[in-house]
Amino acid sequence: MMLASTTDSSVARRLGTLAIGLLLVACGVASMIRAELGVAPWDVLTTGTAEATGLDIGIAAMLLPIVFTALGWAIGRAPGTGTVICVLVVGPVLGVVLDALPTHEAMAPRLAHFVVGFLLVAAGITAVIIAEIGPGPAELVMLAIHDRGYPLAPARTAIEIFCVAAGWALGGQIGAGTVVAAVAIGPILRWTLSTTGYGSANAVEHAADLNAPGA
């Protein structure tokens, strides 16, 4: 569904849903980072970039989507409204929230940070998918690769592996939380999307498989 085919109120509602979703994702990622138990693949690269360059993590979280958006555009996929909003919203909000969150040595509050963060990310991604306004930067690259004849799932997997490998090499957060996020996000998104009545069963399966945190 294209924005041009909707009424003004529908466009405004979908933009609002997208903005809320991205805010939830940013807050959730910040909470998962503060837990220091490992983050989702995209965020491994974000934390690694910040660690290696000395940049504020909010800046790193804004620069990486710009790089991925440029790459996707260069290989054949133009960014959409959702892509641009993602670039503008997630990084700055993540930086502000992360600065506001306290650090903890004890495991119990760190686990709480991780669980709350993960749930916020799942809720945020659900809202982003429901808004149907455009792919995130990682999805833009994935779809551009798909346009060149490669299946979607292997293209997505390759991007995830690259993010983890490059992020780990740069010193990013990787741990048990990375595995939990990678394994659990798909099933949880299938449930949340089905609960909200989003699309058909096939559409739910497709969206859940292709939308990961930070994407």
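Values reported hereafter were calculated over all heavy atoms of this structure, with side chains retained and with hydrogens, waters and symmetry mates removed.
Hydrophobic clustering (ILVMFWY, side-chain heavy atoms < 4.5 Å, transitive): V116 and L111 are in distinct clusters. Clustering ILVMFWY residues whenever any of their side-chain heavy atoms sit less than 4.5 angstrom apart, transitively, puts I159 in the very cluster that holds L170. Cluster annotation: V96 and L120 are assigned to distinct hydrophobic clusters (Ile/Leu/Val/Met/Phe/Trp/Tyr, side-chain heavy-atom contacts under 4.5 Å, transitive). Hydrophobic cluster membership differs between L63 and V93, with clusters built from Ile, Leu, Val, Met, Phe, Trp and Tyr side chains linked at under 4.5 angstrom. Transitive grouping of hydrophobic side chains (ILVMFWY, heavy atoms separated by less than 4.5 Å) keeps M142 and L140 in distinct clusters.
For the pairing with V141, the side-chain contact (heavy atoms from CB on, under 4.5 Å) check across L71, V67, T69 returns one residue only, L71.
Rounding to the nearest 0.5 Å gives a distance of 8.5 Å between SG of C27 and CG of L101. Separation of atoms CD1 (I129) and OG1 (T17) is listed at 13.0 Å; rounding is to 0.5 Å. Taking CG from L119 and OG1 from T192, the interatomic distance works out to 10.5 Å, rounded to the nearest 0.5 Å. How far OG1 of T46 is from CG of L64: 5.0 Å, rounded to the nearest 0.5 Å. The CG atom of L45 lies 4.5 Å from the OG1 atom of T49; values are rounded to the nearest 0.5 Å. Distance CG/D99 to CZ/R34: 7.5 Å, rounded to 0.5 Å.
The main-chain N or O of I33 is found under 3.5 Å from a side-chain atom of Q173 such that the two form a donor-acceptor pair. The backbone N or O of A40 sits nowhere less than 3.5 Å from a side-chain atom of T178 that would complete a donor-acceptor pair. Looking at T83, its side chain does come within 3.5 Å of a backbone N or O of G80 through a donor-acceptor pair. Although no hydrogens or angles enter the test, the distance criterion places no donor-acceptor pair under 3.5 Å between the side chain of R110 and the main chain of L37. Proximity of a side-chain donor or acceptor of T126 to a complementary backbone N or O of L193 within less than 3.5 Å is not detected.
Between P135 and L143, some side-chain heavy-atom pair lies under the 4.5 Å cut-off. Within the 4.5 Å cutoff, the side chain of V25 has heavy atoms near those of the I125 side chain. Using a 4.5 Å heavy-atom cutoff, the side chains of R13 and S10 are in contact. At a threshold of 4.5 Å between non-hydrogen side-chain atoms, the residues I85 and L15 count as touching. The closest side-chain heavy-atom distance from M62 to L94 is not below 4.5 Å.
Between G95 and D56, the shortest heavy-atom contact is CA-OD2, 4.4 Å. The two residues A127 and G21 make their nearest non-hydrogen contact at CB-CA, 3.6 Å. Among all heavy-atom pairs drawn from L189 and A122, the shortest one is CD2-O, 3.6 Å. When all heavy atoms of M32 and A181 are compared, the closest pair comes out as CE-CB, 4.2 Å. Of all heavy-atom pairs between A30 and L98, the closest is O-CD1, 3.4 Å. The heavy-atom pair separating V44 from W168 by the smallest distance is CG1-N, 3.7 Å.
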Problem set entry | Audit row: L22, C86, side chain to side chain contact (heavy atoms under 4.5 Å, CB included) steps and yes/no | CA-CA 7 Å; L22 292 175; C86 180; 4.2 Å; yes
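Legend: residues meeting side-chain hydrogen bond (donor to acceptor under 3.5 Å, both in side chains) with D147, ordered by chain and number and at least two apart, are R77. Residues satisfying the ring-ring contact (aromatic ring centres under 6.0 Å, His included) test with F114, not counting sequence neighbours, are none.
Contacts classified as ring pair (Phe, Tyr, Trp, His ring centres under 6.0 Å) and involving residues 62-89 (residues at least two apart or in different chains) are given here: W42-F68.
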